Number of protein chains: 2
Amino acid sequence: MAKRSHAHPQTPALPLSESKRDILRSAQRVLAILDLIARTPGGLTVRAVSGLLQLNISTCYHSLNTLLAAGYVERLPSGHYVLGPQIPYLNDAYLRTLSHDWPTTESPEGWTAVAFPPVRQPSLPQRLRPILHNLSERSQEPAYLASWRYGEVELQAIVEPAHAERIPGVYIGYRGQAHAHALGKVLLAYSSAAFVEDYLARHTLIRLTQRTIVERSRLCEELHTIAHQGYSIDREELHPDTACLAAPVRDAQGRVAAAIAISFRSTLLSRRGEWLSAQVLRAARQASAELRLAR
Amino acid sequence: MAKRSHAHPQTPALPLSESKRDILRSAQRVLAILDLIARTPGGLTVRAVSGLLQLNISTCYHSLNTLLAAGYVERLPSGHYVLGPQIPYLNDAYLRTLSHDWPTTESPEGWTAVAFPPVRQPSLPQRLRPILHNLSERSQEPAYLASWRYGEVELQAIVEPAHAERIPGVYIGYRGQAHAHALGKVLLAYSSAAFVEDYLARHTLIRLTQRTIVERSRLCEELHTIAHQGYSIDREELHPDTACLAAPVRDAQGRVAAAIAISFRSTLLSRRGEWLSAQVLRAARQASAELRLAR
DNA sequence: AGACAATATTTCAAATAATGAAATTGCAAC
DNA sequence: GTTGCAATTTCATTATTTGAAATATTGTCT
């Protein structure tokens with residue numbers, strides 16, 4: 001980025017990322033450094049961070065020390081900084097929040113006042129894990145659970161068989177690209193028209209593969225088809241060579257509370273698609289039955 | 001490392017948290033707030049953070065905004081801040097680091113120059129997951145993999161059966177309390193005397209349950225017993241009602257590179273202990289065989 | 001509906017903590 | 001030894017953060 005010398009003494013001068021109001025800049029930088037380290041497989045040296053972020057090396061040194069002291073990064077003897085033990089610790093806490101009953105279903109600040117998709121049941125991942133496990137076992141493919149959270153489709157459980165090929169870049173807590181995967185599409189398909197409207201207004205349909213649906217009209221058609229047939233298919237729309245099948249899970253009130261899916265190599269779709277979708281639908285039915293029981 | 005250059009300069013008075021040198025205070029505070037939020041199940045309001053950390057409410061407001069803008073926390077409509085989607089994202093990156101070959105086995109800065117425990121094989125968790133899966137399937141209990149990392153015992157994989165009861169507070173990436181669990185004890189038992197010495201110098205044997213071994217001499221005895229019998233038992237030493245069995249995994253050079261374990265309700269120990277330990281030993285043998293193959 | 005209470009947000013000048021150029025130290029190769 | 005490169009430290013300058021207080025917002029009670 002540009003150097004800022006003594007051009008305008010009074011100008012606050014916004015150095016790196018545009019500095020919004022109400023942001024602590026040194027803290028923001030430290031968080032940006034953490035993010036950068038996460039993106040770099042082998043870790044980074046002080047100098048590398050300095051170069052990549054165009055920050056003074058002294059600033060990077062102090063920032064990394066701060067992260068180090070709090071356990072967010074770790075310093076290898078080679079001088080490379082990598083993510084530290086605080087990260088999985090925080091993640092464990094995050095996972096616990098998935099098992100809690102959240103007090104509200106309203107839309108977070110700044111959103112339109114559109115009615116929000118179905119309320120989540122408490123401990124959804126915990127309650128449905130046996131069913132996912134069974135699905136994964138029978139199909140010998142990874143099984144997934146997702147539901148709405150804060151207006152996004154969030155992946156909340158993954159159960160992998162012994163020899164799994166999980167979709168790369170997908171992890172518990174992953175949100176987004178709902179238009180490009182079976183879980184997202186099925187959850188959208190069973191949302192109100194107004195909510196879909198709202199969702200589309202908040203997101204751009206990013207192209208991830210050649211087959212990703214990026215036209216709004218085609219997506220809406222697809223959602224209708226899905227709602228009609230009761231499950232959704234992702235044919236290499238998120239990741240090349242990978243296909244997904246997803247089906248909705250209904251809570252005791254009959255609202256779609258979540259979706260269950262499996263992923264597999266897309267070549268299996270023609271050969272085993274029928275059977276696999278039957279398995280997913282079966283699991284989804286079992287899950288709905290589970291949610292009908294008193295908790 | 002920051003050296004204290006002058007003995008007692010003008011000690012500028014250390015305001016809130018003890019201000020170490022080379023630390024960016026506003027960044028440190030932001031990280032502390034993140035940590036606090038992680039520890040609080042239902043999330044915290046601005047005011048609550050302010051009260052708990054004895055910070056000005058305006059400071060908390062700005063700090064939370066900074067975390068919010070970067071996705072580290074999320075703001076519920078109720079005004080409660082909870083951990084945000086950046087946390088699982090970072091964790092995913094952390095998990096990937098477990099699958100990498102690390103360039104060094106030397107001890108990180110500040111440690112004694114004691115020979116370090118065995119070098120990890122690359123992708124240990126990935127390579128051994130089928131074996132853990134099998135162990136978990138047969139025993140119907142959660143299976144674990146741990147190995148040394150940066151001088152600590154780190155839990156690196158967990159495979160849970162359909163109806164699992166994972167030990168609370170234990171997660172992938174968890175380090176520490178090696179004296180109080182089967183995985184830690186078995187890994188210590190097969191480390192050099194000098195390394196155990198070093199480990200004990202760096203750690204206090206914290207009491208976690210009534211049965212935790214906190215006396216240095218008793219622990220050393222225990223380690224000898226373990227090395228002799230080839231596996232370790234945790235009888236409610238980490239968590240009441242829970243027992244663990246662990247056995248060592250050897251790499252192609254014959255060095256102990258990891259340990260495999262299962263956990264279960266301690267009441268099963270007398271009834272099924274024999275059988276369970278046979279399963280763990282079997283899995284550990286399989287794992288060692290796997291590591292003997294060319295990668 | 002109106003008033004109250006509790007909290008969140010904004011303001012702004014003072015206080016100070018962060019910045020960055022440059023010096024120093026550390027380390028490894030030559 | 002000497003050289004070269006990167007990490008660490010120094011320190012004066014200056015932008016950034018702080019925190020008391022004002023204001024806005026939200027929720028609750030009558």
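Convention: sequence-line order gives letters A, B, ...; per-chain numbering from 1. For clarity, every value in this text was computed on a predicted model and none was experimentally measured.
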Over how many whole Å does the gap from [X] atom [atom1] to [N] atom [atom2] extend?
| X | N | atom1 | atom2 | value |
| --- | --- | --- | --- | --- |
| B/Asp22 | C/dT25 | CG | P | 16 Å |
| A/Leu68 | D/dA7 | CG | P | 14 Å |
| A/Arg75 | D/dA7 | CZ | P | 8 Å |
| B/Ile57 | D/dA21 | CD1 | C1' | 12 Å |
| B/His62 | C/dT9 | NE2 | P | 11 Å |
| B/Gln54 | D/dG19 | CD | P | 11 Å |
| A/Asn65 | D/dT10 | CG | C1' | 15 Å |
| A/Leu64 | D/dT8 | CG | C1' | 13 Å |

| query | Do A/Ser58 and C/dG20 have a side chain to base donor-acceptor pair shorter than 3.5 Å? | reply |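 Such a pair is found, so the answer is yes.
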| field | Where A/Arg149 and A/Leu98 come nearest, the two heavy atoms and their spacing | value |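 In this case the closest contact between A/Arg149 and A/Leu98 is NH1-CD2, 3.3 Å.
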| field | DNA chain D: 5'-proximal contact among A/Leu24 and A/Asn56 (nearest heavy atom) | value |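 Counting from the 5' end, the first nearest nucleotide belongs to A/Asn56.
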| message | For A/Thr45 and A/Ser26, find the nucleotide of DNA chain D closest to each by heavy atoms; which residue's nucleotide sits nearer the 5' end? | response |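 Of the two residues, A/Thr45 wins.
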| task | Ignoring backbone atoms, test whether A/Thr59 places a side-chain nitrogen or oxygen under 4.0 Å from the OP1 or OP2 oxygen of C/dG20. | result |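 Yes, within the criterion.
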| query | Hey, is the side chain of B/Arg25 poking within less than 4.0 Å of OP1 or OP2 on D/dT17, counting only N and O atoms? | reply |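 Result: no.
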| field | Short side-chain to backbone donor-acceptor contact, A/Thr45 and A/Gly79, under 3.5 Å | value |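 Between the backbone of A/Gly79 and the side chain of A/Thr45 there is no qualifying donor-acceptor contact (under 3.5 Å).
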| query | Taking the inter-plane angle between the rings of B/Phe195 and B/Trp148 on a 0 to 90° scale, is it parallel (under 30°), tilted (30 to 60°) or perpendicular (over 60°)? | reply |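 Because their plane-to-plane angle is over 60°, the rings of B/Phe195 and B/Trp148 count as perpendicular.
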| field | Name of the residue among A/His203, A/Arg175, A/Gln177 meeting side chain to side chain donor-acceptor pair (under 3.5 Å) with A/Glu152 | value |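 Answer to the side chain to side chain donor-acceptor pair (under 3.5 Å) test with A/Glu152 among A/His203, A/Arg175, A/Gln177: A/His203.
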